[in-house]
Amino acid sequence: MTAATSNAPSREEQVKALQKREARRRRLPLLPALIFTILITQIPFVMSLYYSFTDWTVTPPSPRTWTGISNYTDAFTNSFFREAAVTSIVMTVSSVLLSVILGTGVALLLDRKFFGQGFVRTLIITPFLVMPVVAGLVWKNQMFSAAFGVINWLLEAVGLEAVEFASKYPRWSIVAVLVWQWTPFMMLIILAGLQGQPASVLEAAKVDGATPRATFFQITLPHLRPYLELGVLLGSIYLIQVFDHIVVMTGGGPGSTNVPYFVNQRSIGGGWRFGSASAFSILVVIATIFIATFGLRVLSGLLEGEEP
Amino acid sequence: MSGSNTGPVVGERKLGGYLLSALAWFVGFLFFFPVFWMVLSGFKTEADANGPPKLFFEPTTEQFAEVTNDTTGLLSAGEAFSNSFWAVAISTVLVMLLAIPAAYALSIKPVDKWRDVLFFFISTKFLPIVAAILPLWIIARELNLLNTRLILIILYTAMNLPLAVWMLRSFFSEVPRELIEAAQIDGTNLRGQITSVILPIVAPGLAATALLCVIFAWNEFFLAVQLNPIEGSTVPIWVTGNVSTRGNFLAKLSAASTLATLPVIIAGWLAQKRMIRGLAMGAIK
Amino acid sequence: MAEVKFDAASRIYPGTEEPAVNKLNLDIGDGELLVLVGPSGSGKSTALRMLAGLEFVNDGSIFINDKDVTLAPPQDRDIAMVFQNYALYPQMTVASNMAFALKQQGVSKEDRMARVKEAAKILDLEPFLDRKPKNLSGGQRQRVAMGRAIVREPQVFLMDEPLSNLDAKLRVQTRTELADLQARLGVTTVYVTHDQVEAMTMGHRVAVLNFGVLQQVDAPRTLYSAPANKFVAGFIGSPAMNLLAASDVGGRAGIGGVQVPLSDAVAAAAGAHPARELTVGVRPEHLQLGSEGIPGEAIVVEELGSESFVHVRIDHLGESTTIVVRDEGETDVRRGDNVSVGFNGPVHLFGPDDQRISG
């Protein structure tokens with residue numbers, strides 16, 4: 001391994017060379033994934049950024065002209081966009097919060113030994129696995145429908161009037177389906193948190209005479225915090241991008257067009273105005289960056305002190 | 001690590017326990033009900049499905065036969081399933097081929113700035129896909145990739161890669177370092193360490209990760225409908241195609257939905273425990 | 001069979017200033033069992049891992065049989081290692097675990113099985129060869145880890161706290177077996193432990209490390225009777241040596257107003273320093289309770305059956321201090337008794353540089 005010739009490099013140089021080679025060897029397996037990800041995710045983003053400063057209609061083809069920030073100023077005065085932005089915020093926040101709260105409740109229910117525990121958990125995670133378009137269609141046509149929907153059948157059974165939910169309350173119908181699909185996800189994360197809680201701590205609380213309520217608020221909830229944060233973070237990232245449910249449930253009906261759907265309408269979905277649509281999408285990115293900065297902070301808190 | 005904190009219970013607390021268990025079962029059925037109803041409706045006739053909700057009826061498989069039957073001019077089930085199958089299968093294989101070495105380089109023999117690199121991968125998930133779709137459409141059109149399986153394969157790979165790196169890293173970090181060192185001292189090279197020590201330990205985690213990629217890719221609708229609305233359409237698009245404006249369609253739609261979702265639901269059931277551990281526990285240990 | 005040599009070997013972890021192992025010089029003879037002992041953070045494990053090739057050596061060299069292995073990867077060093085948590089391959093049977101290294105070397109299947117069987121016989125593992133590690137007890141796993149090292153017939157055995165995961169009783173038993181096995185096989189062994197009793201009972205020689213610096217390397221008896229410095233004196237022996245800043249009693253070192261007995265040579269050598277700058281060290285068994293000596297009060301009496309240890313509070317340098325005195329098994333001393341502590345054996349003196357003053 002080492003040649004003991006007189007003009008051999010010094011030990012220090014040898015060690016340095018070895019460490020360098022080691023560092024290169026460690027980087028190598030990372031590169032394909034890293035390069036691929038940079039190519040596919042960063043280039044389109046930069047192109048979007050560029051388009052957003054231009055006026056450009058793809059069909060019928062029009063020349064691309066530089067317009068500076070006018071797309072952005074237009075966006076803020078465009079009442080349709082403002083409405084879409086509000087819808088995005090309301091839908092994301094309400095569906096994330098509701099599914100976290102419900103998910104916590106369900107997780108607490110499942111964090112007990114009872115007959116059929118695993119089976120019940122399996123039933124509850126099912127909605128998360130359902131294809132979003134299918135979830136939207138099933139709820140719209142078979143749960144919410146005034147004519148054949150199960151919910152309306154129940155309402156009528158107790159003497160209330162049937163409601164065509166998806167067209168009367170488009171935004172909240174979508175939120176309901178999102179909550180149905182995401183509560184299981186939140187439940188799983190929180191359940192993992194509950195089960196990671198050392199039993200000895202709970203026993204100590206019991207010995208100290210804490211009531212179940214005090215134990216929950218003063219011990220369990222603080223312990224769950226990172227799990228709740230992770231749930232909120234992952235949920236927000238996905239739910240701000242909701243598209244499928246809107247297409248199949250309301251087609252963007254009143255109060256249910258969020259920004260992604262709006263961008264689609266203005267571009268590939270028929271408007272073909274790629275310039276202004278890009279500006280709208282960049283605004284979503286900026287909004288997401290707010291969530292992401294918060295999110296990265298959470299994640300770095302999680303990774304802190306962890307050795308690879 | 002025991003989650004249940006039920007101590008010895010007596011008297012009325014026992015009753016409370018039964019009530020909570022009953023509530024858990026009830027909630028379970030509530031969440032499952034729409035899926036149950038969908039499957040049930042798939043076995044109804046259109047007449048049975050398009051009427052007041054019916055629990056008891058004469059089951060028929062006629063809707064399943066009908067939706068899988070080719071109709072000229074429309075997207076056939078066979079085509080959609082084969083498009084989905086290839087896009088999902090190839091992209092998942094590619095994801096794993098790229099993610100396994102990357103996860104290795106972020107956990108077992110970590111690069112210097114492994115935290116930063118991991119952050120980069122995750123942060124790409126923060127980028128809304130809507131911000132990239134227009135350039136992607138332009139690029140795909142320029143390269144004649146619109147309405148091909150290839151564009152979906154590439155994009156599904158990119159879509160699932162960060163998630164797979166994230167999950168695999170957490171599974172890889174669970175491999176005890178001493179085990180790899182023992183293998184090193186026992187004279188294995190890198191390949192030997194991976195094949196004989198690491199992979200056998202992380203195999204269940206690999207399977208769960210691959211499965212999650214399959215689920216996300218199989219259920220994906222946005223990219224498919226933007227880039228492949230005509231030929232190369234996938235199963236989610238085929239499902240929406242069963243919504244008809246001329247006449248009753250609920251039973252057929254239910255049958256199609258059942259075919260489209262059931263494989264993924266069953267796969268998810270089988271892998272539920274590991275999936276969530278890789279997703280969440282990788283971050284929180 | 002091999003000799004091992006650390007030649008001014010250092011390890012500095014990236015991002016730290018202080019070396020984890022600082023210019024370690026150590027010669028380990030053929031067939032010797034050398035124990036590296038020290039508190040946590042002393043660098044003992046790092047030194048072992050440097051020898052294994054699992055840590056970079058930033059400076060200096062390491063030789064196995066006069067061959068410089070400083071930069072060689074672990075697989076080129078012909079060593080076997082037993083890890084603290086055994087590091088058994090979970091998916092392999094006991095037999096495959098033991099045969100794994102041989103398989104890497106390309107040893108034929110018959111030879112592998114023969115050697116595994118032989119090692120299994122030595123370690124009483126024959127009934128378990130087809131089991132997976134998770135179906136074994138802690139003691140059995142430990143033996144498999146040993147077996148995995150033995151079958152390789154390596155130049156050097158490296159053992160990193162191999163007994164620390166066993167319960168106390170099994171640890172004592174395994175300790176003896178391991179020492180016996182090493183003596184029979186005659187393979188050079190470097191053994192790391194934080195447990196000084198383990199070090200003293202097993203090591204042919206013991207190297208004491210602290211903060212990455214080698215303090216002393218000697219036979220256990222020498223370490224005990226002639227510790228090189230205050231650290232070694234305090235670390236080796238249980239209960240620990242009483243170490244007290246000396247008081248000045250008539251120009252010579254004392255404890256609580258009583259001069260400590262010293263040989264003329266030591267007294268002469270100590271004369272170079274004022275008594276107040278010296279440290280007195282005396283082992284509990286070299287003190288006795290009697291009618292004269294340092295006056296004090298018994299505050300704790302630990303009866304261990306064959307002997308007992310009495311903690312005596314004395315007045316020393318104007319403060320109350322506790323010293324430990326060994327007494328007979330069935331002692332009559334009770335908590336609260338007034339006692340006098342006399343000297344009954346050698347007393348060590350340590351100079352201002354913490355080194356032991358020898359005559």
Side-chain angles (χ1 to χ4, degrees), chain A residues 26-27 29-30 32-33 36-37 40-41 44-45 47-48 106 109-114 120 122-127 129-134 138 141-143 148 150 153 188-189 192 194-195 199 202 226 230 237 241 243-244 248 260 263 267-268 274 278 281 284-285 288 292 296 302-303 308, chain B residues 2-6 21 23-25 27-28 31-32 34-35 37-38 50 52-53 98-99 101-102 104-105 107 109-111 114-115 119 124-132 134-137 158 161 219 221-222 226 236 239-240 250 253 257 260-261 264-265 268-269 272 276 280-281 283-284:
Chain A
R26 285 179 177 217
R27 265 199 306 275
L30 185 64
F36 179 80
T37 304
I40 305 289
T41 63
F45 174 66
M47 286 170 69
S48 260
V106 177
L109 267 184
L110 290 186
D111 186 36
R112 306 168 49 250
K113 277 215 172 66
F114 63 91
V120 171
T122 304
L123 288 183
I124 292 180
I125 65 160
T126 308
L129 301 166
V130 172
M131 188 180 282
V133 288
V134 167
V138 166
N141 295 304
Q142 291 172 292
M143 299 290 127
F148 317 124
V150 175
W153 180 76
L188 281 174
I189 288 186
L194 286 173
Q195 300 192 334
L202 296 175
L230 185 74
I237 294 170
Q241 308 199 38
F243 177 81
D244 313 5
V248 297
V263 170
S267 56
I268 301 169
F274 274 35
S278 292
S281 66
V284 187
V285 175
T288 316
L296 282 178
L302 298 177
L303 287 171
Chain B
S2 156
S4 71
N5 44 3
T6 43
S21 307
L23 182 61
W25 274 88
V27 170
F31 271 89
F32 188 69
V35 176
W37 196 251
M38 167 190 88
N50 293 275
L98 291 168
Y104 177 88
S107 56
K109 293 268 166 145
V111 294
W114 67 271
R115 280 188 183 82
F119 277 174
T124 62
K125 287 256 61 132
F126 294 153
L127 210 64
I129 211 146
V130 64
L134 303 182
L136 287 175
W137 190 87
L161 187 56
N219 287 350
F221 177 71
F222 182 76
Q226 309 292 342
V239 171
T240 61
L250 278 186
L253 176 63
S257 298
T261 49
V264 158
I265 289 179
W269 283 347
Q272 49 176 312
I276 192 60
M281 297 297 276
I284 310 163

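Heavy atoms only: backbone and side chains are in, while hydrogens, waters and symmetry mates are out. Residue numbers begin at 1 in each chain, while the letters A, B, ... track the order of the sequences. If you're wondering where the values come from, they're calculated on a predicted model, not measured in any experiment.
Side chains of B:F32 and A:I124 form no contact here, defined as non-hydrogen atoms less than 4.5 Å apart. Side-chain contact check for A:L30 versus B:P101: every heavy-atom pair is 4.5 Å or farther apart. For the pair A:R112/B:S21, a side-chain contact is recorded, criterion being any heavy-atom separation below 4.5 Å from C-beta on.
To the nearest 0.5 Å, the span separating CE on B:M38 from CG on A:N141 amounts to 13.0 Å. Rounded to the nearest 0.5 Å, atoms CD (B:Q272) and CG (A:L129) are 8.5 Å apart. Of the inter-residue distances, the one linking A:F45 atom CZ with B:I129 atom CD1 reads 14.0 Å to the nearest 0.5 angstrom. A:T122 contributes atom OG1, which lies 12.0 Å from atom CD1 of B:I265 (distance to the nearest 0.5 angstrom).
Your options are B:V130, B:L253, B:N50, B:L134, and the one with the most heavy-atom pairs under 4.5 Å with chain A is B:L134. With chain B as partner, the option from A:I268, A:I40, A:T41 having the largest number of non-hydrogen pairs under 4.5 angstrom is A:I268. Most heavy-atom pairs under 4.5 Å with chain A: of the set B:A132, B:A24, B:G268, this distinction falls to B:A24.
Of the two parts of B:W25, the backbone and the side chain both hold a non-hydrogen atom closer than 4.5 Å to a non-hydrogen atom of chain A. Using a 4.5 Å cut-off between heavy atoms, A:V130 touches chain B through backbone and side chain atoms alike. For chain B, the nearby part of A:V248 is the side chain; its heavy atoms alone come within less than 4.5 Å. Looking at A:V106, only its side chain comes within 4.5 Å of chain B, counting heavy atoms on both sides. Proximity to chain B involves both the backbone and the side chain of A:V150, based on heavy atoms less than 4.5 angstrom apart. Contacts of B:S257 with chain A are made by both backbone and side-chain atoms, with heavy-atom separations under 4.5 Å. Residue A:Q241 touches chain B through its side chain alone, counting heavy-atom pairs closer than 4.5 Å.
The nearest pair of heavy atoms linking A:L123 to B:G28 is CB-O, 3.8 Å. Closest approach of A:F148 and B:P53 over heavy atoms only: O-CG, 3.9 Å. A pairwise comparison of heavy atoms in A:M131 and B:A260 identifies CE-O, 3.8 Å as the closest pair. The shortest heavy-atom contact between A:V285 and B:P128 is CG2-CD, 3.9 Å.
With A:R26 contributing its side chain and B:P110 its backbone, the two residues share a donor-acceptor pair below 3.5 Å. In terms of modelled atom types and a separation under 3.5 Å, the side chain of A:S48 and the main chain of B:A131 share a donor-acceptor contact.
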(request) Just do the side-chain contact (heavy atoms from CB on, under 4.5 Å) check on B:W269 and A:I125 with the steps written out, would you? (result) CA-CA 8 Å; B:W269 283 347; A:I125 65 160; 4.2 Å; yes

(message) Go through it in stages, so that I can follow the logic: the residues are B:L161 and A:F36, the test is side-chain contact (heavy atoms from CB on, under 4.5 Å), and I'd like the CA-CA distance, side-chain angles, deciding distance and then a yes or no.
(response) CA-CA 9 Å; B:L161 187 56; A:F36 179 80; 3.8 Å; yes

(message) Using side-chain contact (heavy atoms from CB on, under 4.5 Å), reason through A:T126 and B:F31 one step at a time and then give a plain yes or no.
(response) CA-CA 8 Å; A:T126 308; B:F31 271 89; over 6 Å; no

(request) Check step by step if side-chain contact (heavy atoms from CB on, under 4.5 Å) holds for B:W37 and A:M143. (result) CA-CA 9 Å; B:W37 196 251; A:M143 299 290 127; 3.7 Å; yes

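For A:T37, there are no side chain to side chain donor-acceptor pair (under 3.5 Å) partners two or more places apart in sequence or in a different chain.
The side-chain contact (heavy atoms from CB on, under 4.5 Å) test with A:V134 is passed by exactly one of B:V35, B:V239, B:N219: B:V239.
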